[in-house]
Amino acid sequence: MPTMPAKIVHRSIERDWRDVYEFAGKPENMPLWASGLASGLDPDGADWIAHGPLGSVKVSFVPANEFGVIDHTVTIASGIRVYNALRIVPNGDGCEVMFTLLRLPGMTDAQFSADAAHIEKDLAMLKALMER
């Protein structure tokens, strides 16, 4: 597969990166800020199951770590796996939250832009929750 076009969507948050990582990295908290998972995540062994417009999907997270990495793979019913890189990076007393959006084969410009806007909205919600 050729290298896909990518866009890094990021948001600065005025909160210690460890606090943001601890909150954002818990699958139980994701429905509070990640609207694509608003229906919730149900544990399924080491993975999680989300129910949404594409049906049930399996979400597999990297183990908890000291680097602020919350990468996860989403596997849809057809078996297609989408890798999502989500990072919390220290920035002074706050942090940067960065999501790398990959443009999948066959995705139109409009779909790619809509996905980026969706992620921007989610990161804005995470910022609002963390800066309360």
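Considering only residues two or more places apart in sequence or on other chains, R87 meets the side chain to side chain donor-acceptor pair (under 3.5 Å) condition with D71. Taking I80 as the reference, I76, S78, V82 meet the side-chain contact (heavy atoms from CB on, under 4.5 Å) condition, with sequence neighbours excluded. For the side chain to side chain donor-acceptor pair (under 3.5 Å) test, residues two or more places apart in sequence or in another chain that qualify with D109 are R103. Partners of D19 according to the side chain to side chain donor-acceptor pair (under 3.5 Å) rule, which considers only residues two or more places apart in sequence or in another chain, are R15. When the side chain to side chain donor-acceptor pair (under 3.5 Å) test is applied to E22, no partner is found at least two apart in sequence or on another chain. Taking the side-chain contact (heavy atoms from CB on, under 4.5 Å) definition, one finds that E66 meets it with nothing, sequence neighbours left out. Annotation: salt bridge (Lys or Arg N to Asp or Glu O under 4.0 Å) contacts of R18 (sequence neighbours excluded): D16. Applying the side-chain contact (heavy atoms from CB on, under 4.5 Å) rule to L32 yields the partners F23, N29, L129; only residues at least two apart in sequence or on another chain are considered. Evaluation of the side-chain contact (heavy atoms from CB on, under 4.5 Å) rule for E120 yields K7, V9 as partners, not counting sequence neighbours.
Residue pairs meeting the ring pair (Phe, Tyr, Trp, His ring centres under 6.0 Å) criterion with at least one partner in residues 81-132, sequence neighbours excluded, do not occur; the list is empty. Judged as a salt bridge (Lys or Arg N to Asp or Glu O under 4.0 Å), the pairs with a partner in residues 36-52 (not counting sequence neighbours) are, in order, D47-K58.
The minimum heavy-atom distance between P31 and G40, with the atom names listed, is CG-CA, 3.5 Å. Considering every non-hydrogen atom in both S56 and H51, the closest pair reads OG-ND1, 2.8 Å. In terms of heavy atoms, G106 sits closest to Q111 at O-OE1, 3.8 Å. Heavy-atom minimum distance, P27 versus F61: CG-CE1, 3.7 Å. Residues A116 and L101 approach most closely at N-CD2, 3.5 Å, considering heavy atoms. In this structure, C95 and V20 approach most closely via the heavy-atom pair SG-CG2, 3.7 Å.
The CZ atom of R81 sits 5.0 Å away from atom OG1 of T75, with the distance rounded to the nearest 0.5 Å. Between the CG atom in L41 and the CE atom in M30 there is a gap of 7.5 Å [rounded to 0.5 Å]. Rounding to the nearest 0.5 Å places NZ of K121 at 5.0 Å from OG of S35. Taking NE2 of H72 as the reference point, atom CD1 of I70 lies at 9.0 Å (rounded to 0.5 Å). Between the CZ atom in R11 and the CD1 atom in I119 there is a gap of 12.5 Å [rounded to 0.5 Å]. Put simply, CD on E28 and CH2 on W48 are 4.0 Å apart, with the number rounded to the nearest 0.5 Å.
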Quiz item: After noting the C-alpha distance and the side-chain angles of N91 and W17, does the key distance pass the side chain to side chain contact (heavy atoms under 4.5 Å, CB included) rule?
Solution: CA-CA 8 Å; N91 180 357; W17 74 272; over 6 Å; no
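Applying the 6.0 Å contact sphere to CG of L104 captures more than 12 heavy atoms from other residues, nucleotides or ligands.
Hydrophobic clustering places L86 together with M4 (ILVMFWY residues linked when any side-chain heavy atoms are closer than 4.5 Å, directly or through intermediates). Grouping the Ile, Leu, Val, Met, Phe, Trp and Tyr side chains by contacts below 4.5 angstrom, directly or via other members, places L126 apart from M98.
Between M107 and D115, the closest side-chain pair of non-hydrogen atoms falls below 4.5 Å.
Apart from F67 itself, the hydrophobic cluster it occupies contains V62, V69, where clustering links Ile, Leu, Val, Met, Phe, Trp and Tyr at side-chain heavy-atom distances under 4.5 Å.
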